[in-house]
Number of protein chains: 2
Amino acid sequence: MSPEPAATTGAVPRVTLADVAALAGVSASTASLAFSGSGPVSDATKERVLAAASELGYAGPDPRARSLRRGRSGIVGVVLEERVRAAFLDPVKIQTLDGLAEGIAALGAGLLLFTDSGDPDAPVSLDTAPVDAVVLIGCSPKFFRQVEALQRRGIPLVAIEGAPGGDIPEITIDNREATRLGAEHVRSLGHTDVATVTLPFEPTRTRGELTPEMEAGATVDTAVERLRGARDVFPGIRVGVAGASSIEEGLEATRLLLADAATRPTAIIAQSDLLAAGAIQAAEELGLQVPRDLSVVGFDGIRVDGLQHDLTTLVQPSVAKGRAAGEAIVRMLAGEAASGTDFTSTLHVGDTTAPPRG
Amino acid sequence: MSPEPAATTGAVPRVTLADVAALAGVSASTASLAFSGSGPVSDATKERVLAAASELGYAGPDPRARSLRRGRSGIVGVVLEERVRAAFLDPVKIQTLDGLAEGIAALGAGLLLFTDSGDPDAPVSLDTAPVDAVVLIGCSPKFFRQVEALQRRGIPLVAIEGAPGGDIPEITIDNREATRLGAEHVRSLGHTDVATVTLPFEPTRTRGELTPEMEAGATVDTAVERLRGARDVFPGIRVGVAGASSIEEGLEATRLLLADAATRPTAIIAQSDLLAAGAIQAAEELGLQVPRDLSVVGFDGIRVDGLQHDLTTLVQPSVAKGRAAGEAIVRMLAGEAASGTDFTSTLHVGDTTAPPRG
DNA sequence: TGGCCCGCTCGAATCGATTCGACCGTACAA
DNA sequence: TTGTACGGTCGAATCGATTCGAGCGGGCCA
């Protein structure tokens with residue numbers, strides 16, 4: 001309304017491909033070809049178009065228009081549970097993300113983060129975002145509705161550790177078998193009195209000694225499966241549940257398990273390396289030496305920053321998991337069918353396990 | 001060409017708003033209004049449209065088309081240095097991201113991650129992605145070209161800790177003044193023999209004792225400013241440069257500084273809490289007690305997972321930084337002008353600083 | 001009863017680029 | 001000399017939704 005619209009940067013008169021084409025004296029289609037580079041355009045023409053573009057300050061084709069026409073946005077959605085902050089505290093998740101980035105590198109796509117806010121009508125949601133594909137990482141059943149909408153739209157989906165069901169490819173690891181391997185290692189060293197520190201069993205993250213109710217209400221497959229693996233070897237194993245995968249939580253959970261010197265276990269099977277690091281701290285607090293007085297087994301095979309031990313742990317291919325998910329997506333976008341992958345973890349024997357003290 | 005296109009999921013015949021409108025017996029415009037909810041549409045009509053939609057399995061307006069027409073994609077780009085993995089190892093960055101997510105919550109926008117691969121013609125780049133705005137976090141001058149393109153397109157930019165220049169709002173903290181505060185605290189306790197462990201001075205991350213060449217080639221403002229602050233109080237302070245912000249690196253850098261018992265400092269000023277945690281480990285390795293034998297000051301005010309001390313540190317508002325960036329973006333997208341913010345850090349005195357031993 | 005206003009609905013233009021088929025002139029082979 | 005092939009360019013349709021102004025019918029007020 002005012003003679004001068006505003007001094008805001010947003011008021012820039014937008015230059016379009018048509019403007020460039022006009023200045024260069026060619027048609028819009030030719031100009032488009034000149035930009036995409038692929039089509040048959042004479043060098044002279046291409047140069048003229050490019051010159052016109054730079055004269056007008058044309059910054060290249062508008063991504064929005066391009067994505068409408070092409071049907072691809074170059075964006076892959078990633079759904080993480082909870083807040084950004086919480087999700088990125090977990091090194092495994094970060095490695096998986098990194099692998100994912102690698103796996104979709106061929107697409108040249110960016111990763112768009114979503115968090116499972118739990119709020120069903122959060123303003124931004126998966127189905128209002130221009131994504132070409134979606135990766136669900138450890139997602140909860142809450143997402144079912146949105147997942148359905150995505151499938152209707154024909155958007156490829158892949159799940160990592162978390163079973164949305166349907167015909168969605170899943171990337172998993174052998175949680176139970178791997179833990180069993182670790183437990184057997186512990187038994188073979190001669191331990192009989194063993195406890196385990198687990199990941200949370202449900203999103204509310206109740207912690208403490210495992211109760212039948214908690215177990216019945218479990219929604220996190222990973223924790224359940226790993227516990228099964230431990231029980232395969234030590235059926236009556238004592239179970240402490242942590243509130244998250246962190247050193248802090250491992251410390252607290254292990255404190256409880258070690259509290260009573262009379263019933264103190266000689267080995268701890270932790271469901272993550274961070275929890276294991278916390279277990280080691282708990283032992284040190286009590287003046288116990290690892291592995292002399294307490295053996296500790298972790299899970300993940302990450303490097304725990306600041307941990308001085310070479311942790312005995314089940315090394316899972318977290319980067320490969322992400323990469324596999326990425327590759328599955330690339331295939332699906334190419335129109336091929338893709339199936340899930342089940343990865344295998346390997347036992348790394350470090351210096352945190354030893355025979356129990358005579 | 002084949003009679004049956006393929007059994008791929010991608011071959012779903014897409015349902016468009018027009019189809020829905022046709023089935024509901026209304027025009028496309030009315031159907032659109034029924035979906036966006038805002039327009040004046042009778043309840044009966046709206047219901048009819050919605051019914052038609054669910055009958056056809058219409059998953060809602062196509063985000064690509066919507067973003068072209070509306071001129072907004074609902075996506076905010078975030079540029080981080082390096083790989084996803086490296087960026088997320090830094091708790092400060094994660095908190096900042098979290099704050100950013102909070103700050104733009106009003107937009108209902110998602111965060112699209114980019115990493116400064118250094119490769120100038122990486123397939124996906126800022127200017128082919130449909131972003132409404134971009135936040136640069138600790139970005140390097142390498143981005144100048146792309147930044148320029150974004151500005152031409154009228155896309156709002158905000159920078160956090162890293163000066164791209166121009167009229168881009170910057171969110172910063174008082175790195176120098178804050179560090180000076182920490183150093184003064186140390187001096188007031190009676191320390192005169194003090195060393196500092198710094199963040200890397202350049203992306204290549206050369207580490208070791210600081211040389212004049214390294215200092216001359218510094219590109220990371222944060223490290224330089226914090227060093228200035230330390231020198232304001234202890235002009236001749238010894239400087240160990242770490243290769244990254246991690247416990248591991250802090251440990252190594254501090255080992256060097258403490259190696260010679262004769263010249264051993266009585267206090268360490270670390271440029272991050274992770275580095276400080278490493279410094280504490282280094283002290284413990286040598287049988288030194290913190291704070292009795294060595295005082296340690298950190299920077300950031302994060303909770304270091306697994307650290308048993310209440311670290312004396314400069315608490316910076318990392319979440320608020322992100323939030324401020326987000327709010328600036330919201331303002332800019334609303335057409336208002338936005339300026340940067342300079343935040344203030346506060347000294348938190350924990351139990352890792354004390355007077356030097358007699 | 002006539003005029004006016006209001007609420008609902010519709011048509012048509014628009015967002016900006018991509019892509020497919022047509023077209024044209026030239027060069028080369030038959 | 002005629003036919004063919006082909007590189008280069010253009011027109012027009014298309015992607016799918018949003019939005020603005022116009023139209024239309026009914027209710028209310030004078």
Side-chain angles (χ1 to χ4, degrees), chain A residues 10 12-49 52-53 56-74 127-132 152-155, chain B residues 1 10 12-49 52-53 56 58-74 127-132 152-155:
Chain A
V12 174
R14 308 248 276 156
V15 182
T16 74
L17 186 57
D19 301 332
V20 174
L23 179 60
V26 299
S27 74
S29 20
T30 305
S32 173
L33 293 180
F35 268 99
S36 63
S38 51
V41 181
S42 73
D43 289 347
T45 309
K46 186 181 294 188
E47 227 167 281
R48 206 141 35 87
V49 172
L56 292 176
Y58 179 66
D62 183 312
R64 283 179 271 266
R66 168 203 294 255
S67 81
L68 170 59
R69 184 63 243 241
R70 295 240 253 230
R72 288 282 171 85
S73 62
D127 40 35
T128 64
V131 292
D132 292 342
R152 273 207 300 266
R153 204 171 255 146
I155 292 182
Chain B
M1 296 303 146
V12 173
R14 309 246 278 155
V15 182
T16 74
L17 186 57
D19 301 332
V20 174
L23 179 61
V26 300
S27 74
S29 20
T30 305
S32 172
L33 292 179
F35 269 99
S36 64
S38 52
V41 182
S42 72
D43 289 346
T45 309
K46 186 181 294 186
E47 227 169 281
R48 207 142 34 87
V49 172
L56 292 177
Y58 179 65
D62 183 312
R64 283 178 272 264
R66 171 204 292 259
S67 81
L68 170 59
R69 184 63 241 238
R70 294 238 253 231
R72 288 284 169 85
S73 63
D127 38 35
T128 65
V131 291
D132 293 341
R152 270 207 302 265
R153 203 172 256 146
I155 291 182

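From a predicted model like this one, the values you see are computed outputs, not experimental measurements. Per chain, numbering begins at 1; letters A, B, ... match sequence-line order.
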Self-check item: Heavy-atom side-chain proximity of B:D19 to B:Y58 below 4.5 angstrom
Solution: no
Quiz prompt | Contact summary for B:A52 and B:V20, nearest pair of heavy atoms | solution = CB-O, 3.8 Å
Quiz item: Looking only at atom types and distance, does a side-chain atom of A:R152 sit under 3.5 Å from a main-chain N or O of B:L56, one as donor and one as acceptor?
Solution: no
Quiz item: Where do B:T45 and B:S42 come nearest, in terms of heavy atoms and distance?
Solution: OG1-OG, 2.6 Å
Quiz item: Whole Å only: how far is the CG atom of A:L17 from the C1' atom of D:dC10?
Solution: 14 Å
Exercise. Tell me what B:S67 touches on the nucleic acid: a base, only sugar-phosphate, or nothing, going by heavy atoms under 4.0 Å.
Key: nothing
Practice problem: For residues B:F35 and B:G60, report the shortest heavy-atom separation together with the two atoms involved. | Solution: CE2-CA, 4.4 Å
Practice problem: Considering non-hydrogen atoms only, spot the tightest contact between A:S67 and A:S73 and give its length. | Solution: CB-CA, 3.7 Å
Quiz item: Any salt bridge (Lys or Arg N to Asp or Glu O under 4.0 Å) pairs touching residues 60-71 of chain B, not counting sequence neighbours?
Solution: A:D132-B:R64, B:R14-B:D62, B:D62-B:R64
Practice problem: Return the residues of residues 21-36 of chain B meeting this criterion: a heavy atom under 4.0 Å from some atom of DNA chain C. Order them by number, or give none. | Solution: B:G25, B:V26, B:S27, B:S29, B:T30
Quiz item: What are the two closest non-hydrogen atoms of A:P63 and B:D127, and how far apart are they?
Solution: CG-O, 4.0 Å
Practice problem: Under the side chain to side chain donor-acceptor pair (under 3.5 Å) rule, collect the residues that match up with A:S27, sequence neighbours excluded. | Solution: A:S29, A:T30
Practice problem: Enter the inter-axis angle for the ends of the helix from C:dT1-D:dA30 to C:dA30-D:dT1 (five pairs per end, rounded to 10°). | Solution: 50°
Quiz item: Closest approach of B:R48 and B:V26, non-hydrogen atoms and distance?
Solution: NH1-CG1, 4.1 Å
Quiz item: For DNA chain C, whose closest nucleotide is more 5', that of B:D43 or that of B:R69?
Solution: B:D43
Quiz prompt | Bounds of contact between DNA chain C and chain A, in 5' to 3' order, using a heavy-atom cut-off under 4.0 Å | solution = C:dG16 to C:dT19
Quiz item: Among residues 59-66 of chain B, which contact DNA chain C at a heavy-atom distance under 4.0 Å?
Solution: none
